[in-house]
Amino acid sequence: MFYRKMEVYVLKILSILILFSGIANAANIGTGSVKVTKMENWVGDSTVFIKTNQSELTNPAGCTVTDKYHLPTSASDISRSMLLSAYHADKAINIVIAGGACMNNRPQIVAISFQN
């Protein structure tokens, strides 16, 4: 009897934990077709900050600083090249923003694709 009550209790706790972990990890969301209007890099750091022509940034993780996107230092050279190419060509791109994480309290870029 005691073990059965304990099993039920453990199952309830696990269910609650699974529920809350799903809420905290929102899905990644794309910006749709946007143009890069500014790229910023501080000397001595490989972080790149990106501004777009959006009136309001896509922010699925609820980051507190929403003046620009953050491209992590771990981003590939291909991602950096795609952003730079799109900026110079004034070409629209789609930027995918992390749903469950912010970087430096800003929305974090996790993928980039060119648009027609």
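These numbers were taken from a predicted model, which means no experiment stands behind them.
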Considering all heavy atoms, the nearest [X]-[Y] contact:
X: F114; Y: I93; result: CD2-CG2, 3.8 Å
X: A61; Y: A98; result: CB-O, 3.8 Å
X: R80; Y: A75; result: NE-O, 3.7 Å
X: C63; Y: A101; result: SG-O, 4.3 Å

Same apolar cluster (I L V M F W Y, side chains within < 4.5 Å links), [X]/[Y]:
X: V34; Y: L84; answer: yes
X: V48; Y: I109; answer: yes
X: I78; Y: V110; answer: no

Atom [atom1] of [X] and atom [atom2] of [Y]: how far apart are they, to the nearest 0.5 Å?
X: L83; Y: M39; atom1: CG; atom2: CE; result: 5.0 Å
X: S74; Y: Q108; atom1: OG; atom2: CD; result: 7.0 Å
X: I95; Y: T31; atom1: CD1; atom2: OG1; result: 5.0 Å
X: L57; Y: I50; atom1: CG; atom2: CD1; result: 11.5 Å
X: S46; Y: N41; atom1: OG; atom2: CG; result: 7.5 Å

Hey, does [Y] have a side-chain heavy atom less than 4.5 Å from the side chain of [X]?
X: K68; Y: E40; value: yes
X: P60; Y: I97; value: yes
X: T73; Y: D45; value: yes

Under 3.5 Å: donor-acceptor pair, side chain of [X], backbone of [Y]:
X: S81; Y: D77; answer: yes
X: N59; Y: P107; answer: no
X: K35; Y: N53; answer: no
X: N94; Y: G32; answer: yes
X: S76; Y: S79; answer: yes
X: Y69; Y: T58; answer: yes

**Complete:** Here the ring-ring contact (aromatic ring centres under 6.0 Å, His included) pairs for residues 31-63, sequence neighbours left out, are F49-H70
**Message:** If you apply the rule salt bridge (charged side-chain N to carboxylate O under 4.0 Å, His left out), what do you find for D67 with K51, and how did you get there?
**Reply:** CA-CA 7 Å; D67 59 338; K51 285 193 173 196; 5.6 Å; no
